[in-house]
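Whatever order the structure lists ligands and atoms in, that order sets their numbers, starting from 1. Since this is a predicted model, take the numbers as computed values, not measurements.
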Amino acid sequence: MEASMNHNSSLKPAEGDALIVVDVQRDFLPGGNLGVPDGDAVVPVMNRYLKHFRRIKLPLYATRDWHPEDHCSFKAQGGPWPPHCIAGSEGAEFADNLDLGEDVRVISKATTIEKDAYSGFEGTDLAERLRKQKVRRLFIGGLATDYCVFNTVKDALKEGFQVLLLEDGVRGVDVNAGDSEKAINEMHGLGARSVRLEDLEPIHA
Ligand code: VGL
Ligand code: ZN
């Protein structure tokens, strides 16, 4: 008897998969209020993944950090970060060249003063919406590897989704040298696998 092929062992996007673009916002790009080194490098890469997923009409999500102006994560309130991604501000907008359209569902997170949320699942209906769409596996990339990508991936695994980390589509803050590498190792240890653009089918223009 022929062994049945589980499509989820393939690294190519197919039915049951969704793409999650994490926090690719102006404030996280170089020059932004919380610029991630080389963060703008994820834009063209995530655009390629968007193209792959659009081509076969798979669900697309973009999370965004969407803070009130006196958010607890800001230094003035005793938090670790400079003010960033204030809801409705220019810095909170998605990166200019990111190919988001009407077909991308936006998930806003960390929207209340007293609580921070690095994960796109925390305090949102993301898991519920994905399950309603019969999604079982998530391709996750964006910013920042060692914060919001890391926590979104961990929660996705906890919620029972398979996770493919878009390793060429992430960049980290690295407050301490090696933080991103550690985060990637931890994600792998928890069951996430890495994918790169060249693992997907080639697409033209
Ligand atoms: C993030 C720091 C503070 C992120 C959000 O999107 O990774 N990092 N807020
Ligand atoms: Zn934040």
Requested in this report: Please determine if Arg196 and Asp199 form a salt bridge, counting it only when a charged side-chain N lies under 4.0 Å from a carboxylate O.
Outcome: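 No, no charged N to carboxylate O under 4.0 Å.
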
**Report entry** Basic-acidic side-chain contact under 4.0 Å: Lys109, Glu122
**Finding:**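 The answer is no: the pair does not qualify as a salt bridge.
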
Query raised in the report: Are Tyr61 and Ile56 connected, step by step, through hydrophobic side chains (Ile, Leu, Val, Met, Phe, Trp, Tyr) whose heavy atoms are closer than 4.5 Å?
Result: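 No: no chain of side-chain contacts under 4.5 Å links Tyr61 to Ile56.
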
For [atom], find the nearest protein heavy atom and state the residue, atom name and distance (0.1 Å precision).
atom                   : answer
atom 5 (C) of ligand 1 : Asp65 OD2, 3.0 Å
atom 4 (C) of ligand 1 : Cys148 SG, 2.8 Å
atom 6 (O) of ligand 1 : Asp23 OD2, 2.7 Å
atom 8 (N) of ligand 1 : Tyr147 CB, 3.8 Å

Under 2.8 Å from the Zn ion (ligand 2), is there an N/O/S atom belonging to [X]?
X      : value
Cys148 : no
Asp116 : no
His71  : no

Query - Distance-only N or O hit between ligand 1 and Ala144, under 3.5 Å - result: yes

Report task. Just jot down the side chain to side chain contact (heavy atoms under 4.5 Å, CB included) partners of Val106, sequence neighbours excluded, or say none. Result -> Arg64, Phe94, Ser108

Query raised in the report: Heavy atom under 4.0 Å from ligand 1: found in Asp146's side chain, backbone, both, or neither?
Result: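 The answer is neither; Asp146 stays 4.0 Å or more away.
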
Query raised in the report: Does His84 have a heavy atom less than 4.0 Å from any atom of ligand 1?
Result: yes

Requested in this report: Anything under 30° is parallel, anything over 60° is perpendicular, the rest tilted; go ahead and classify His84 against Phe28.
Outcome: tilted

**Report entry** Aromatic plane relationship, His52 with Tyr49 - under 30° parallel, 30 to 60° tilted, over 60° perpendicular
**Finding:** tilted

Query raised in the report: Does Asn33 reach the main-chain N or O of Asp27 with its side chain, forming a donor-acceptor pair under 3.5 Å?
Result: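 Checked: no pair found.
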
Tell me, which N, O or S atom in [X] is closest to the Zn ion (ligand 2)?
X     : answer
His84 : NE2
His67 : NE2
Asp65 : OD2

Query raised in the report: Can you check whether Met46 reaches Leu19 side chain to side chain, under 4.5 Å on heavy atoms?
Result: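 In short, these two side chains touch, coming nearer than 4.5 Å.
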
